[in-house]
Structure formats: C-alpha cells, structure tokens
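The structure appears below as structure tokens.
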Number of protein chains: 2
Amino acid sequence: MDQLVSDATVARLPAYLRALVDLAADDVVSVSSGRLAREVGVNPATLRRDLATLGITGTRGVGYDVKYVLFEVSVALGVNREWPVAVVGAGNLGRALANYPGLAPRGFPVQVLFDVDDRLVGTEVAGVTVHHVDRLGELVPALGITVGVIATSAEAAPGVAAALVDAGVSSILSFAAGPLDVPDHVVVRRVDLATELQILSFYTRREAAVSGGAGVPLDEP
Amino acid sequence: MDQLVSDATVARLPAYLRALVDLAADDVVSVSSGRLAREVGVNPATLRRDLATLGITGTRGVGYDVKYVLFEVSVALGVNREWPVAVVGAGNLGRALANYPGLAPRGFPVQVLFDVDDRLVGTEVAGVTVHHVDRLGELVPALGITVGVIATSAEAAPGVAAALVDAGVSSILSFAAGPLDVPDHVVVRRVDLATELQILSFYTRREAAVSGGAGVPLDEP
DNA sequence: TAGATTGTTAATCGATTAACAATC
DNA sequence: TAGATTGTTAATCGATTAACAATC
C-alpha cells in the first residue's frame with residue numbers, strides 16, 4: 001500500500017490480474033514483462049515500473065514468477081479476501097447486480113439488498129434477501145459489510161450515501177447520477193450511464209467526421 | 001470535431017454540460033471561467049483551454065455566454081440530437097437500462113431490446129418491445145439505430161458485438177466482462193463492475209493503511 | 001561465458017496550470 | 001479610462017517509454 005502508486009497504475013492492475021489468472025490457469029510458471037505486457041496491451045517498461053512501485057520484483061534474465069505476481073497483485077487489489085457488498089435499491093439494477101455472475105467469484109458477494117418498497121422487502125433475489133432500508137444501519141455492521149453499491153434514483157442517492165457512511169461503509173460504488181458528498185476517508189466511484197454514452201457519442205461523431213461524415217448530421221449553426 | 005481534442009478534455013465535457021444546464025436553468029446569461037470551473041471542480045485555465053480546443057470562445061472582460069457554450073458543448077457531445085439505442089440482453093441489466101430515467105431525456109432513448117430467450121420475446125419493458133436477437137440485423141438498420149448496449153453474459157458478448165457491427169452500429173457500450181474485437185471505425189466503451197470494485201478496494205485498503213489499518217486484514221505473506 | 005531480462009535512469013511526451021498581454 | 005476576463009505562452013508537473021547497466 002504505497003502512497004506513490006499512481007491512479008494510472010491502479011487502473012491497469014485489474015487487467016494485469018486477468019492476464020495473470022489466465023497464465024496461471026495455463027500452468028505458465030514464469031513470464032517476461034514483454035509477454036505479459038503484450039497480453040495486456042501496454043508497454044513492457046510501463047509494466048515493469050508498475051510492478052516495481054507495488055514492490056513486486058522479478059528475476060533478471062528470467063522474468064516474473066506468475067504465482068508470486070498473481071498473489072501480490074491480488075493482495076494489492078484486495079481480491080484475496082471477500083468484500084461482502086450491500087446493494088441499496090432492489091429495482092432492476094439492484095437485482096441485476098445481485099444476479100451478476102462476475103462479482104462473487106472475484107471476491108465481491110452481494111450479501112444483502114435494501115429497498116424502501118414494502119412489496120419488495122422480504123423477497124429474495126438470487127438468494128439474497130431484500131430488507132427495508134431502515135434496517136441498513138443495523139444490518140450492515142452486523143454483516144461486516146464495508147462496500148456499498150447505490151442503485152437507487154438520483155434523488156435518494158445522497159441520503160443513502162449518508163446512511164452507508166454512518167453504518168461504517170468505507171467504499172461506495174454509485175450508479176446514481178450526480179456527485180456524492182462523503183467524508184475524506186470514504187472512497188467513492190461513480191458509473192454514470194448517460195456520461196458514458198455522451199463520451200461514446202463524442203468519439204462516434206469524430207469518427208464519422210474523419211471517415212466522411214456518413215449518416216450523422218452535424219447540426220452546426 | 002477536432003482530432004486534437006484530448007481524451008482528458010472529452011472526459012470533462014459531460015461535467016461541463018451538467019453545470020451549464022444548471023446555470024441555464026437558473027437563467028444565468030454569462031459565466032466566467034472562474035465560476036464555471038469552480039462549479040465543475042477544475043482549474044479555470046484548464047476549462048478555458050478545453051473550450052478553446054472545441055472552438056468555443058468567450059468575451060474578454062465579460063466571460064462566456066451560457067446558452068452559446070451550452071449549445072456548442074451539446075453539439076460536441078451529440079446531445080442535441082437523439083441517438084436511439086438498442087439494448088441486447090433483456091435480463092435484469094437490460095431491463096434496468098430500459099427503465100433508466102436518465103437516458104431518454106439526455107438523448108439516448110432505448111428503442112428496442114433483444115434477447116435469445118423465447119419467453120421474453122414479445123414482452124414489453126418500460127414500453128420497449130423485446131425482439132429475438134435473430135432479428136437484430138433487420139431491425140437495427142430499420143430503426144436507424146447506431147448505438148448498441150451489450151447487457152448479455154460474457155460468453156455471448158463477442159457474437160453480439162459482431163452482429164451489432166454487421167447491423168451498422170458505430171458505438172457500443174458493453175457491460176460484459178472481457179474485451180471486444182471490433183473494426184477500427186467502431187467505438188467501444190466498457191463498464192466492468194468487478195474492475196470498478198477492484199479499483200475501489202485498492203483505494204479503500206490504502207485509505208485503511210494510511211488511517212491506521214483499522215479492520216482490513218492485509219494478508220501479507 | 002553468452003543470452004536474456006530486470007530495474008532504473010534519463011529522455012520524451014503530453015497534460016495541467018501560472019502568468020500575462022490582449023482586449024472587452 | 002479602470003477593471004475584468006479571455007486566449008495563449010511558457011513553465012511545470014507527471015506519466016510513459018527508450019535505453020542500458022546490473023545481474024540472473
């Protein structure tokens with residue numbers, strides 16, 4: 001856990017992890033920075049620097065021990081332990097998260113769902129019980145949950161974030177539009193679908209303009 | 001549409017758009033880079049540079065005309081027109097997208113859903129009909145759709161991406177794990193929940209380590 | 001030893017931002 | 001004119017990567 005690890009390095013770690021898992025599954029024992037970098041699509045020097053900042057070393061003339069690097073990157077990303085997750089909002093998005101098959105095997109089991117709707121309270125989604133959001137402050141600490149996912153409306157999100165923080169959650173992933181105000185020690189990441197689509201549409205229009213502007217009206221004044 | 005607009009600038013545009021919409025709603029006519037930058041949380045010089053690269057100008061001594069900048073940023077992000085969206089996968093995530101209230105008002109109405117499951121075909125979700133994925137190649141061009149969202153399993157995603165490209169889609173937002181192989185002229189963005197949570201957990205562990213390591217076992221060997 | 005590959009220095013690249021002349 | 005604010009230059013900062021000595 002080094003203060004010096006840059007955001008750019010952190011953003012690449014999940015891709016390294018994926019490639020290392022694949023290599024380990026293929027029983028590859030040792031890998032050079034050149035090969036691993038090619039598989040991830042980065043420069044070998046960048047990869048070596050990234051690993052070095054995490055304190056991960058290889059052997060000159062040989063390469064990196066796959067199991068060792070896999071273990072260390074897993075530790076850095078916290079994937080070597082379980083982070084039980086509370087999802088707030090049991091609408092379609094919340095239910096999609098409870099059903100999402102990629103979470104539990106990667107250490108993020110959805111342990112509990114919360115909603116304000118009494119018709120949903122008491123039901124089960126993918127084996128996860130929906131509780132009333134009023135019980136969040138009681139159940140989240142009891143279940144040892146430190147990760148919260150906000151899958152509510154934008155209006156409800158700030159209140160939910162405050163409740164999660166009060167319940168001791170230290171990381172929040174929010175799908176609600178709009179920024180959240182949380183204390184410094186709480187880490188927030190946001191996924192905003194409309195923002196993603198806007199960025200996508202910027203590049204699409206540029207691509208269309210470059211390749212001859214086919215089809216997409218430019219609407220300039 | 002300037003080839004010179006950096007990714008970093010593009011990533012900030014949606015936030016500018018949001019702030020400008022708020023200002024326009026409050027009937028603010030003119031805004032300085034200082035004020036707008038404060039509202040977005042960026043440096044004023046960065047904001048001025050971003051606007052300049054888009055060809056957006058202000059008036060020295062006065063500031064920027066809110067309506068004009070709002071219009072130009074909207075055009076750059078393609079928000080001044082409708083981009084009908086096809087969602088492939090009518091599971092919980094696909095249904096969540098069809099129900100997501102932030103898309104249609106921001107120019108991305110979900111126009112059609114596709115699924116392989118015959119039990120879902122013919123049903124409606126939030127007024128959107130679910131069609132069999134076999135009809136994708138026919139319906140997507142007929143509906144003038146150029147944006148596809150992949151909300152299927154990771155296994156199905158590559159085939160779906162290929163079908164979308166064949167149908168003439170030029171932008172794809174994928175929620176499936178794993179990268180997609182598409183032609184150069186197709187723009188892809190991926191949202192990977194497990195990756196988001198891994199990055200979140202990295203920062204959470206670091207935060208925990210900095211503030212005394214309370215609660216989070218480090219599991220070092 | 002000869003070949004390979006790391007770890008890291010130093011160069012490069014690109015993005016951010018302070019500063020200020022231009023100008024409303 | 002005096003004050004304000006842009007547009008842009010030039011400095012700074014940080015990240016990437018070529019290159020190579022260290023070393024297995």
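Here is how names work: the chains are called A, B, and so on, in the same order as the sequence lines, proteins then strands, and each is numbered from 1.
Position along DNA chain C of the nearest nucleotide to B:Arg49 versus A:Arg60 favours A:Arg60 as the more 5'-ward residue.
The phosphate of D:dT16 (OP1 or OP2) has a side-chain N or O of A:Arg12 nearer than 4.0 angstrom. OP1 and OP2 of C:dT5 both lie 4.0 Å or more from every side-chain N or O belonging to A:Ser33. In terms of phosphate contacts, B:Tyr64 brings a side-chain nitrogen or oxygen within less than 4.0 Å of OP1 or OP2 of D:dG7. The side chain of A:Thr46 contributes an N or O atom lying less than 4.0 Å from OP1 or OP2 of D:dT17.
Between B:Arg48 atom CZ and D:dA4 atom C1' the separation is 12 Å, expressed in whole Å. A:Leu54 places its CG atom 14 Å from the P atom of C:dT8, with the value rounded to the nearest Å. Summarising the geometry, the separation between CG on A:Asn43 and P on C:dA11 is reported as 18 Å, rounded to the nearest angstrom.
The backbone N or O of B:Leu70 lies less than 3.5 Å from a partner atom in the side chain of B:Ser74, making a donor-acceptor pair. Between the side chain of B:Thr59 and the backbone N or O of B:Val62 there is no donor-acceptor pair closer than 3.5 Å. Side chain of A:Arg205 to main chain of B:Val75: a donor-acceptor pair is present (N/O by atom type, distance under 3.5 Å, no hydrogens or angles).
Figure legend. C:dA15 is base-paired to D:dT12; pairs are counted as Watson-Crick or G-U wobble with both atom distances under 3.5 Å. Base pairing of D:dT23 is made with C:dA4, judged by Watson-Crick or G-U wobble geometry with both donor-acceptor distances under 3.5 Å.
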